[in-house]
There are 2 protein chains.
Amino acid sequence: MTAADLIDEPMRPGHGPLYRQVKQRIIRHLIDETWKPGDMLPSEPRLAESFGVSPGTVRRALDELVAENLLVRHQGKGTIVCRHDPERSLFHFFRMVDAAGDRPTPSSRVLACGRRRADRAEAARLGLPAGAPVVVIDRTRSAAGRPLLVERLVLPGRLFGPLAAVAPAELPNTLYTLYEERFGVTVYRAAEQLRAVTADARDAQLLEVATGTPLLEIDRLASNLDGMPVEWRLSRCRTDAYRYRVELV
Amino acid sequence: MTAADLIDEPMRPGHGPLYRQVKQRIIRHLIDETWKPGDMLPSEPRLAESFGVSPGTVRRALDELVAENLLVRHQGKGTIVCRHDPERSLFHFFRMVDAAGDRPTPSSRVLACGRRRADRAEAARLGLPAGAPVVVIDRTRSAAGRPLLVERLVLPGRLFGPLAAVAPAELPNTLYTLYEERFGVTVYRAAEQLRAVTADARDAQLLEVATGTPLLEIDRLASNLDGMPVEWRLSRCRTDAYRYRVELV
DNA sequence: CCGATCGAGTCTTGTATAAGACCTACAGGT
DNA sequence: ACCTGTAGGTCTTATACAAGACTCGATCGG
């Protein structure tokens with residue numbers, strides 16, 4: 001091993017347990033993209049040597065990162081930074097299921113995609129200064145050939161500048177994969193708040209229901225590893241064929 | 001250590017990893033109530049000796065059980081079986097929050113509480129034979145002095161027989177604590193399915209809203225450690241002041 | 001001579017164990 | 001009433017070995 005392989009200086013006597021300091025340092029490397037999604041991390045013994053701790057300590061740190069869905073391990077192969085492959089993204093963040101408990105594979109139709117200045121609510125929600133540029137996408141998503149939801153996405157223009165220029169037909173169904181591959185933005189957490197609303201005229205037309213039909217409104221704020229908001233999404237769903245499913249443990 | 005302290009015979013060479021066999025065996029002891037909620041487990045070295053494995057292996061098994069909210073550890077004191085203290089119960093299973101993200105402390109008013117035979121849907125949902133006895137509770141819950149939701153609970157009569165005799169005023173706000181202390185039934189998991197509905201005349205009167213107001217319907221099936229359903233709960237919530245919150249990680 | 005196949009070697013993560021540090025509670029003396 | 005020693009609990013760290021996966025070369029068959 002040469003000096004160039006040294007990823008980090010050895011740990012200094014810090015505050016908490018050693019393995020937690022190692023964990024925080026690995027997270028820092030994930031944030032500054034020393035290791036990007038899909039990359040393979042150095043092996044556990046190598047990490048241990050570069051951090052100046054024993055392999056078991058590194059292993060403990062990796063254990064927690066795997067439990068938090070930041071890393072994936074494969075015995076005999078290595079450890080890689082978790083990526084938003086479309087199926088996983090759908091499985092994790094899309095919570096609608098049919099009566100049998102199966103997830104649909106929705107298709108999306110983009111209604112509009114453009115760039116403008118954030119209004120008051122959008123700026124506050126995304127933690128941006130008033131009037132900051134944002135990219136706004138309006139679309140509907142269908143499942144089994146019938147409209148399922150209509151939604152508006154608001155993204156910080158600073159991160160997603162070129163997105164407004166992308167042809168609407170180009171936008172894939174699972175956007176989080178696109179965010180990651182084209183803009184280097186990885187969604188790690190999201191907080192959703194749900195309430196019941198009634199369909200207005202536009203909802204009714206797009207979702208093919210009567211005006212006044214009850215809809216499930218999902219207000220999602222997605223953030224990256226830093227905890228910085230990267231997407232605000234407001235969806236209105238029909239819940240006659242599909243329901244929103246949550247597991248409490 | 002005497003022979004009476006031997007909780008179990010030593011592990012025999014089994015199928016999976018050793019720590020997972022230990023975990024399963026501990027779960028079995030939780031199911032057959034060798035250790036009841038609130039009880040303190042034997043110490044890790046003691047468990048290790050009785051299972052015939054090393055302390056580290058027991059520790060690994062306990063780690064997973066703690067992560068699944070079945071046990072709670074306190075350094076220097078010991079490990080206890082998780083209990084449904086009211087605050088935790090509320091924190092975990094009650095997901096409504098106000099605009100600021102704070103949970104209300106709701107109060108409940110029981111409308112009816114009685115025993116009858118399960119109808120077709122109830123029996124199917126609870127995994128009971130058709131016509132099995134069930135206990136049914138109708139109640140409303142309020143927060144900040146205003147009605148929040150109206151709900152119906154259906155419980156297997158075999159487990160909750162004497163519950164129907166309890167005076168409605170006796171029923172506490174957080175029922176899961178009562179289930180545990182009075183009936184030895186501990187709720188570990190719950191699956192919820194949400195959809196939007198409109199208030200019928202009864203909903204409207206009880207919730208003090210207009211008929212047709214959109215409501216959030218929460219269909220919860222709660223089960224114990226065996227995976228056996230122990231409660232079916234159907235709630236209809238106003239979502240003007242409070243929203244249903246979910247964290248996706 | 002060329003190509004496919006099998007297997008040893010080596011790298012990876014997974015599992016089991018042991019030893020010491022740290023934290024808490026309690027009893028007994030000051 | 002307060003302080004302190006001690007016992008017993010969990011927490012942290014370290015090490016050894018097992019199991020899985022890829023590499024690469026020797027070997028056998030065409």
Side-chain angles (χ1 to χ4, degrees), chain A residues 1-2 5 7-8 10-26 30 35 38-83, chain B residues 1-2 4-5 7-8 10-26 35 38-83:
Chain A
M1 153 156 185
T2 69
D5 290 319
I7 290 151
D8 238 307
M11 315 291 305
R12 290 161 311 195
H15 306 36
L18 199 49
Y19 75 90
R20 209 166 280 270
Q21 299 174 42
V22 170
K23 177 185 172 186
Q24 285 307 318
R25 201 171 277 210
I26 293 175
L30 293 177
W35 307 308
D39 287 357
M40 179 162 293
L41 262 61
S43 77
E44 293 177 1
R46 260 182 125 64
L47 283 174
E49 191 172 6
S50 78
F51 284 134
V53 302
S54 105
T57 302
V58 166
R59 171 151 262 276
R60 180 97 189 250
L62 294 182
D63 280 340
E64 294 201 353
L65 293 169
V66 167
E68 295 171 18
N69 294 314
L70 269 61
L71 302 177
V72 180
R73 286 202 275 216
H74 295 286
Q75 181 171 359
K77 295 176 65 176
T79 303
I80 64 175
V81 183
C82 199
R83 175 147 55 180
Chain B
M1 152 152 187
T2 70
D5 290 318
I7 291 150
D8 237 306
M11 313 291 306
R12 288 162 313 195
H15 305 33
L18 197 50
Y19 75 92
R20 209 167 281 271
Q21 299 174 42
V22 171
K23 176 185 172 186
Q24 285 307 319
R25 200 172 276 211
I26 294 175
W35 306 309
D39 286 356
M40 179 162 294
L41 263 61
S43 77
E44 294 175 0
R46 264 181 122 68
L47 283 173
E49 191 171 7
S50 78
F51 285 135
V53 301
S54 102
T57 303
V58 166
R59 171 152 257 276
R60 179 105 187 243
L62 294 182
D63 280 340
E64 294 200 354
L65 293 169
V66 168
E68 294 171 19
N69 295 314
L70 269 60
L71 303 177
V72 179
R73 289 202 276 216
H74 295 285
Q75 180 171 358
K77 296 175 64 175
T79 302
I80 65 174
V81 183
C82 200
R83 174 147 56 178

More than 12 heavy atoms of other groups within 6.0 Å of A:Arg73 CZ: yes

Spacing of CG belonging to B:Asp63 relative to NZ belonging to B:Lys23, to within rounding of 0.5 Å: 10.5 Å

Derivation and outcome, side chain to side chain contact (heavy atoms under 4.5 Å, CB included), residues B:Cys82 and B:Val72: CA-CA 6 Å; B:Cys82 200; B:Val72 179; 4.0 Å; yes

Euclidean distance, A:Leu47 CG relative to A:Ile26 CD1, rounded to 0.5 Å: 6.0 Å

Inter-residue atom distance B:Ser43.OG - B:Glu49.CD, 0.5 Å rounding: 9.5 Å

Gap between atoms CZ and P, on B:Phe51 and C:dA16 respectively (whole Å): 14 Å

Rounded to 10 degrees, the angle between the two terminal axes of the helix from C:dC1-D:dG30 to C:dT30-D:dA1, each from five pairs: 0°

Check: B:Leu41 and B:Leu62 side chains under 4.5 Å, non-hydrogen atoms: yes

B:Tyr19/B:Val53 under side chain to side chain contact (heavy atoms under 4.5 Å, CB included): CA gap, chis, key distance, verdict: CA-CA 9 Å; B:Tyr19 75 92; B:Val53 301; over 6 Å; no

Spacing of B:Leu18 atom CG relative to D:dA19 atom P, expressed in whole Å: 13 Å

Side-chain N,O (A:Thr79) to OP1/OP2 (C:dT12) below 4.0 Å: no

Nucleotide-resolved protein contact map, nucleotides 18-24 of chain C, B/S/- at heavy-atom distance under 4.0 Å: S---BBS

Side-chain (B:Glu44) to main-chain (B:Gly56) donor-acceptor, under 3.5 angstrom: no

Separation of atom CD in B:Glu49 from atom C1' in C:dT17, rounded to whole Å: 15 Å

Rounded interatomic separation in angstrom, taking NE2 from B:His74 and P from D:dC11: 10 Å

Close side-chain approach of B:Ile80 and B:Leu71, heavy atoms under 4.5 Å: no

d(CD, B:Glu44; P, D:dC11) in whole Å: 6 Å

Any A:Thr57 side-chain nitrogen or oxygen under 4.0 Å from OP1 or OP2 of D:dT12: no

Side chain of B:Arg59 (C-beta onward), nearest among D:dC11, D:dA14, C:dT13: D:dC11

Sugar-phosphate, base or nothing in reach of A:Ser43, heavy atoms under 4.0 Å: sugar-phosphate

Whole-Å gap separating C1' (D:dC22) and CD1 (A:Ile80): 16 Å

d(CG, A:Leu71; P, C:dG14) in whole Å: 11 Å

Atom-pair distance (CZ on B:Arg60; C1' on D:dT10), nearest Å: 18 Å

